[in-house]
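When a ligand or atom number is given, it counts from 1 through the structure's own listing order. Keep in mind the model is a prediction, meaning the values are calculated, not measured.
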Amino acid sequence: MNSIIKSISALEILDSRGNPTVRTYVTLEDGTQSVSSVPSGASTGQNEAVELRDGEKRYNGAGVQNAVNNVNTEIAKALIGKNTSNQKDIDYTMIALDGTDNKSRLGANAILGVSMAVAKAAAISANLPLYAYLGGTNAVRIPVPCMNILNGGEHADNSVDFQEFMLVPHGAPTFKEGLRYVAETFHTLKGILKSKGMATSVGDEGGFAPNCSSNEEAIELIIEAINKANYKPGIDLSIAIDSAANSFSPNLDGNYDLAWSGLGKMTTSDLIAKSAEWLEKYPIILWEDPVSEGDWDGYIAFTKRFGDKIEVVGDDNFVTNTKYIKKGIAIGACNSALIKLNQIGTVTETIEAVRMCREAGWRYFLSHRSGETEDTFLADFAVAMDGGHLKTGSACRGERIAKYNRLLEIEHELKGRSEYRWK
Ligand SMILES: O=C(O)[C@@H](CO)OP(=O)(O)O
Ligand SMILES: [Mg+2]
């Protein structure tokens, strides 16, 4: 099998929010072809790898023609003739070519697109499904689908401060059943919202975006839906929260303003005291970014207080970067890291972040972005990384469903060899 790169090219396409993003094509000398598309975040950490956008004002909706051109010229030139079976060499060649420490010259969107398309081409050329190529024969664990059911924060124009409320079907026997639990509860919640005269429109990740009067009301609606769908809260289905606290911490420093939910100005210790009340009352199993990215002491205090009971995930503070995860491990901030390919910008560095978590005895939570495409790379990647859970949005948006459907396919393909468990 000749898995040598023959050509690389890219194209500007649209993501699920209608913003430009990069699609990349790789062709090998043996005739193999692969394609990848990169996602894009809205509530981003300050230290994420840079998504290159055109023009002076590089807002989310700006074009990505410069990133596309970088793939078509410099990156293609550097990689043509290389063997795709050496992913590390390919990724580190691009990192060196970029020359910055945050991929701001060539663009993380340019580099990641190539990195993902190369991995896919290598898998096809080796005649293996992507999850098996990246994870080996032991890649059989299908992640628990933490389905986003209610959106707030920067993902919706409603009155909820927390960004994501997810359903976690840890009590299901298989992925297929787990997905059924969450999809049924999603539809049940829709009925409840309708009956209360609340909006059933959805946010960026497909969760409902009603105007709740408080975060408590959002959680209580979800618990009502779990019960009404005939599941047991805390046993069949629990709740995961991504506060994305950056979005209500103006200076990212431990001073908070939960204006929409009526809690108003809060310090880190107020927020932790409130969280303790909610953890007492509600079946919350995982909490991501409970404080803002600069509030390292807040992460430490939160983890100290609740870390033996729930998974405390760092996203905006770690940005899938081993430099920050290493710091978090050393000081006891969190016990898990969110893992997003485009926060760091290559497949190899993402795997390095996962490995660091694993070696520290941490969990790691695989994640989509709020701006996505129909690319299913993440589904295979989550199985390959063996993390046991992933978040990839709700049951009603095609770009999210594409990943869930791919996971159903993988479970089916593994014919009884698949595993499904929360821990
Ligand atoms: O904060 C998050 O975890 C993500 C994904 O859910 O959102 P975004 O892609 O907007 O950063
Ligand atoms: Mg997050």
Using a 4.0 Å cutoff against the non-hydrogen atoms of [X], which atoms of ligand 1 qualify?
| X | value |
| --- | --- |
| Asp242 | 1 (O), 2 (C), 3 (O) |
| Leu338 | 3 (O) |
| Asp315 | 1 (O), 2 (C), 3 (O) |
| Gly41 | 8 (P), 9 (O), 10 (O) |
| Lys340 | 1 (O), 2 (C), 3 (O), 4 (C), 5 (C), 11 (O) |
| Arg369 | 8 (P), 9 (O), 11 (O) |

Nearest option to atom 8 (P) of ligand 1, as decided by whichever heavy atom of Gly393, Ser370, Gly45 sits closest
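Checking each option, the heavy atom nearest atom 8 (P) of ligand 1 is found in Ser370.
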What protein heavy atom sits nearest [atom], and how far away is it?
| atom | answer |
| --- | --- |
| atom 5 (C) of ligand 1 | Glu205 OE2, 3.2 Å |
| atom 3 (O) of ligand 1 | Lys391 NZ, 2.6 Å |
| atom 7 (O) of ligand 1 | His155 CE1, 3.2 Å |
| atom 1 (O) of ligand 1 | Gln163 NE2, 2.9 Å |

Does Glu216 reach the side chain of Lys281, with side-chain heavy atoms less than 4.5 Å apart?
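Yes, side chains in contact.
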Test item: Phe165 and Asp242 side chains (from C-beta on) under 4.5 Å apart, heavy atoms
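When only atoms from C-beta onward are counted, Asp242 and Phe165 do not touch, as no gap falls below 4.5 Å.
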State if Ala244 counts as touching ligand 1 under the rule of any non-hydrogen atom under 4.0 Å.
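In this structure, Ala244 fails to qualify as a contact of ligand 1 - no heavy atom is under 4.0 Å.
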Strictly under 4.0 Å, does any heavy atom of Glu154 approach an atom of ligand 1?
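False for this residue.
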Are [X] and [Y] within salt-bridge range, i.e. N to O under 4.0 Å?
| X | Y | value |
| --- | --- | --- |
| Glu177 | Arg180 | yes |
| Lys323 | Glu349 | no |
| Arg369 | Asp15 | no |

Between Asp315 and Gln343, is any side-chain donor less than 3.5 angstrom from a side-chain acceptor?
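Their side chains do contain a donor-acceptor pair, which is all the 3.5 Å distance test asks for.
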Can you tell me how far CD1 of Ile75 sits from CD1 of Ile90, rounded to the nearest 0.5 angstrom?
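Ile90 CD1 to Ile75 CD1: 11.5 Å, rounded to 0.5 Å.
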Pairs of nitrogen or oxygen atoms closer than 3.5 Å, one from [X] and one from ligand 1: do any exist?
| X | answer |
| --- | --- |
| Glu164 | yes |
| Ala42 | yes |
| Thr44 | no |

Qualifying residue, where the test is ring-ring contact (aromatic ring centres under 6.0 Å, His included) with Trp287 and the options are Tyr299, Phe302, Tyr282:
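Only one of Tyr299, Phe302, Tyr282 forms a ring-ring contact (aromatic ring centres under 6.0 Å, His included) with Trp287, namely Phe302.
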Run Asn246 and Glu293 through side chain to side chain donor-acceptor pair (under 3.5 Å) and show every step you take.
CA-CA 6 Å; Asn246 273 5; Glu293 68 173 78; 2.9 Å; yes
Look at the N, O or S atoms of Glu164, main chain and side chain alike, and state whether any lies under 2.8 Å from the Mg ion (ligand 2).
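No, outside the cut-off.
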Determine whether the aromatic ring centres of Trp278 and Phe306 lie less than 6.0 Å apart.
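They do not qualify: ring centres at least 6.0 Å apart.
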Taking the six-membered ring for Trp, is the centroid-to-centroid distance between Trp362 and Phe318 below 6.0 Å?
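Here the rings of Phe318 and Trp362 have centres that are less than 6.0 Å from each other.
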Acceptor/donor pairs from residues 376-387 side chains to any protein atom, 3.5 angstrom cut, sequence neighbours excluded:
| residue | atom | partner | partner atom | Å |
| --- | --- | --- | --- | --- |
| Asp380 | OD1 | Arg406 | NE | 2.7 |
| Asp380 | OD2 | Tyr131 | N | 3.1 |
| Asp380 | OD2 | Arg406 | NH2 | 2.8 |

Starting from the Mg ion (ligand 2), look over the N/O/S atoms of Asp242 and name the nearest one.
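Of the nitrogen, oxygen and sulfur atoms in Asp242, the Mg ion (ligand 2) lies nearest to OD2.
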Taking heavy atoms and a distance under 4.0 Å, where does Asp316 meet ligand 1: side chain, backbone, both or neither?
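Neither; no heavy atom under 4.0 Å.
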Heavy-atom distances under 4.0 Å are what count here, so tell me which part of Asn148 touches ligand 1: side chain, backbone, both or neither.
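Looking at Asn148 and ligand 1, no heavy atom falls under 4.0 Å.
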Angle, OE2 of Glu288 through the Mg ion (ligand 2) to OD2 of Asp315 - 10° precision:
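Taking the Mg ion (ligand 2) as the apex, the two atoms subtend 90°.
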Closest approach of Asn109 and Glu51, non-hydrogen atoms and distance?
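That would be ND2-CG, 3.7 Å.
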